[in-house]
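What's counted below: heavy atoms across the whole structure, side chains too, no hydrogens, waters or symmetry copies.
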Amino acid sequence: MHPTPPDGLRPRLPSPLQRVEDDRFDRHGVRLSLKRDDLIHPDLPGNKYRKLVLNLRAAADAGHDTLLTFGGAYSNHLRATAAAGRLLGFATVGVVRGDELAGRPLNPSLTRCTTDGMRLHFIDRSTYRAKSEPGTLAAILREAGAESAYVIPEGGSNALAVRGCTALGEELREHTDVAAVACGTGGTLAGLAAGLGPDRQALGIPVLKGGFLGPDIRALQRDTFGGPTANWRLDERFHCGGYARTPPELIAFAEDFERRHRTETALSVEHLYVAKLLYALTALSEEGAFRPGTRLTAVITGAGGTPAQSSTSR
């Protein structure tokens, strides 16, 4: 069941499911489809809408007029929160990792945030790493002049976000055997797996290296549902060196995928998440990781190609 959106948002739900013919899957008996969550909303595409919708409702119901959240210099989540503030009348504050960025010209991502009305507050990286500690968070809120703000965590991943993402799994439950998604903070996978139900599998492709996501996802599911589900797994091999690392072979793969499926999908493959997901699924299919007859769905969580970006983005 889809959460009721706040007035001012008009999402396209359920998002389209597109079957694609691709010999790299077809010859192994795998039926590939694309779940086009990038088409849900022009300003809050994909998992950004699903993760924010219940948080936005909670902020409005509690009478908050300001949203505060966290992200790196190229954060899709910061951009989506800024857009939501513009559409719904919230003031927004973005706490940005890296105080060295404060004196530099804004990149296109942060410029978009400010155009949508977001006030940026830059903090040093050690403080940023400790932002979830109550004392550190309180100090950040004071310094940002936003002590009464509704706080949304980095990437939007909290129990409300996970509940919002269960609708994704529910939409796919009757149409897929394995649903795969690129993972940053893990909230989308946590909700997707729960919504799919125990007889379907969710596969996460982390775009950051470090091997920390498994415990985070289990913790999110415990906070949301009382315990983790058993129907998901991660494959940590396809981060391509870390977040925002887009080596030439990944860009070449993305461009080739677009050419192969331009007529079917008109998909512009986003590089930081979606390209890594599709690259991983292609490699896994060639490895024989999916049984013949498997209905495999790739969740397209973002839109558009991405310019070269810093390896410190998130």
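For Arg24, the salt bridge (Lys or Arg N to Asp or Glu O under 4.0 Å) partners are Asp22, Asp256, not counting sequence neighbours. Remark: His261 pairs with Phe257 by the ring pair (Phe, Tyr, Trp, His ring centres under 6.0 Å) rule, at least two apart or across chains. A search for ring pair (Phe, Tyr, Trp, His ring centres under 6.0 Å) contacts involving Phe225 returns nothing, not counting sequence neighbours. Listed by chain and residue number, nothing satisfies the ring pair (Phe, Tyr, Trp, His ring centres under 6.0 Å) test with Phe238 (two or more places apart in sequence, or in another chain). Residues that satisfy the ring pair (Phe, Tyr, Trp, His ring centres under 6.0 Å) test with Phe122, not counting sequence neighbours, are absent from this structure. With sequence neighbours left out, the salt bridge (Lys or Arg N to Asp or Glu O under 4.0 Å) criterion links Lys35 to Glu171.
Glu286 and His28 share a donor-acceptor pair across their side chains, judged by distance under 3.5 Å alone. Asn76 and Arg79 form a side-chain donor-acceptor contact under 3.5 Å, judged by distance and modelled atom types alone. With hydrogens and angles left out, the side-chain atoms of Thr229 and Gln221 include a donor and acceptor closer than 3.5 Å. In this model, no donor atom of one side chain and acceptor atom of the other lie less than 3.5 Å apart for Asp37 and Thr301. One side chain, Thr69 or His77, offers a donor N or O that lies under 3.5 Å from an acceptor on the other.
Electrostatic pairing of Arg86 and Asp43 counts as a salt bridge here, judged by a charged N lying under 4.0 Å from a carboxylate O. Salt bridge Arg125/Glu100: present, at least one basic N to carboxylate O contact under 4.0 Å.
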